[in-house]
Amino acid sequence: QVQLVESGGGLVLAGGSLRLSCAASELTFYNYCMAWFRQAPGKERDFVAAIGWSGARTYYAESVKGRFTISRDNGKNTMYLHMNSLKPDDTAVYYCAASAQGVRKSPSGYDYWGQGTQVTVSS
């Protein structure tokens, strides 16, 4: 099965930036739409951003639009999330996900998940 591994999380001050990476184990990475979700303590796992198979189409939650950028490099089997102007409300565990069904904003639409990487934004 597809294995996804996130990296790049950490502690950052408000207004700072981080880049998250999600590495996939399979050479069929290009067949999947990819997405980032996040989950804060006591809250639901929420959609952050998604990207189509070619990288041409991107989708963002309203809360991150204009601040976050999702991208993918199919040759490297890797997806990225560039996060700028980070806010304390961005604090969460960030998960990458892959779907063979197409882009969806619901966690139930994704087939594979990484273990998550912690992002903490301090005031």
Side-chain angles (χ1 to χ4, degrees):
Q1 61 180 14
V2 174
Q3 299 290 329
L4 304 176
V5 180
E6 304 95 334
S7 62
L11 176 65
V12 65
L13 293 174
S17 300
L18 286 173
R19 186 187 72 173
L20 306 183
S21 299
C22 174
S25 64
E26 298 290 339
L27 294 177
T28 55
F29 175 80
Y30 66 91
N31 289 322
Y32 292 88
C33 299
M34 303 291 295
W36 289 96
F37 290 79
R38 65 187 182 186
Q39 187 167 21
K43 296 185 177 181
E44 300 286 332
R45 185 171 296 189
D46 291 329
F47 172 79
V48 177
I51 189 165
W53 66 270
S54 71
R57 294 178 295 172
T58 58
Y59 308 86
Y60 297 93
E62 287 296 320
S63 60
V64 306
K65 189 174 295 184
R67 300 188 298 119
F68 291 10
T69 302
I70 189 171
S71 62
R72 66 189 295 168
D73 186 335
N74 290 340
K76 296 181 178 180
N77 282 7
T78 303
M79 177 181 65
Y80 305 95
L81 184 68
H82 290 82
M83 305 185 294
N84 299 314
S85 301
L86 283 162
K87 304 175 180 179
D89 285 348
D90 296 320
T91 295
V93 176
Y94 283 70
Y95 300 89
C96 65
S99 174
Q101 306 173 54
V103 172
R104 296 174 62 93
K105 296 184 177 180
S106 171
S108 64
Y110 289 82
D111 306 297
Y112 304 102
W113 293 86
Q115 293 296 311
T117 186
Q118 177 71 48
V119 172
T120 302
V121 184
S122 299
S123 299

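Values below: all heavy atoms of this structure, side chains included; hydrogens, waters and symmetry mates excluded. As the structure is a prediction and not an experimental result, all values here were calculated from the model.
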Mind running side-chain contact (heavy atoms from CB on, under 4.5 Å) on Tyr95 and Gln39 for me, showing each step along the way?
CA-CA 8 Å; Tyr95 300 89; Gln39 187 167 21; 4.2 Å; yes
Output, in order, the C-alpha distance, side-chain angles, deciding distance and verdict of side-chain contact (heavy atoms from CB on, under 4.5 Å) for Ile51 and Met79.
CA-CA 9 Å; Ile51 189 165; Met79 177 181 65; 4.2 Å; yes
How many angstroms lie between [atom1] in [X] and [atom2] in [Y], if you round to the nearest 0.5 Å?
X      : Y     : atom1 : atom2 : result
Trp36  : Met83 : CH2   : CE    : 8.0 Å
Ser123 : Leu13 : OG    : CG    : 9.0 Å
Arg72  : Asn77 : CZ    : CG    : 9.0 Å

Taking all heavy atoms of [X] and all of [Y], pick out the closest pair and write down the distance.
X     : Y     : result
Ser63 : Arg38 : OG-NH2, 3.5 Å
Leu4  : Cys22 : CB-SG, 4.0 Å
Ala14 : Pro88 : CB-CD, 4.1 Å

Out of curiosity, does Val2 fall in the hydrophobic cluster containing Tyr94 (side-chain heavy atoms, cut-off under 4.5 Å, transitive links)?
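Yes.
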Asn74 (side chain) donor-acceptor with Trp53 (main chain) under 3.5 angstrom
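Checked: pair present.
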Just to verify, what does [X] make a side chain to side chain contact (heavy atoms under 4.5 Å, CB included) with, not counting sequence neighbours?
X     : result
Ser17 : Asn84
Thr69 : Tyr60, His82
Val12 : Leu18, Leu86, Val121
Arg67 : Val64, Ser85, Lys87, Asp90

What residues, two or more places apart in sequence or in another chain, satisfy salt bridge (Lys or Arg N to Asp or Glu O under 4.0 Å) together with Lys65?
Glu62
Got Ser21 and Lys76 here, is their nearest side-chain heavy-atom distance under 4.5 Å?
no
Check whether any side-chain heavy atom of Phe47 lies under 4.5 Å from a side-chain heavy atom of Tyr59, and answer yes or no.
yes
For Tyr80, run the side chain to side chain contact (heavy atoms under 4.5 Å, CB included) check against Ile70, Asp73, Leu20 and tell me which one passes.
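Testing Tyr80 for a side chain to side chain contact (heavy atoms under 4.5 Å, CB included) against Ile70, Asp73, Leu20 leaves exactly one candidate, Asp73.
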Just distance, no hydrogens or angles: give the donor-acceptor pairs under 3.5 Å from side chains in residues 109-119, sequence neighbours left out.
{"unit_1": "Tyr110", "atom_1": "OH", "unit_2": "Arg104", "atom_2": "N", "d": "3.3"}
{"unit_1": "Tyr110", "atom_1": "OH", "unit_2": "Arg104", "atom_2": "O", "d": "2.5"}
{"unit_1": "Asp111", "atom_1": "OD1", "unit_2": "Gln101", "atom_2": "NE2", "d": "3.4"}
{"unit_1": "Asp111", "atom_1": "OD2", "unit_2": "Ala100", "atom_2": "N", "d": "2.9"}
{"unit_1": "Thr117", "atom_1": "OG1", "unit_2": "Gly9", "atom_2": "N", "d": "3.2"}
{"unit_1": "Gln118", "atom_1": "NE2", "unit_2": "Ala92", "atom_2": "O", "d": "3.4"}
{"unit_1": "Gln118", "atom_1": "NE2", "unit_2": "Thr120", "atom_2": "OG1", "d": "3.3"}

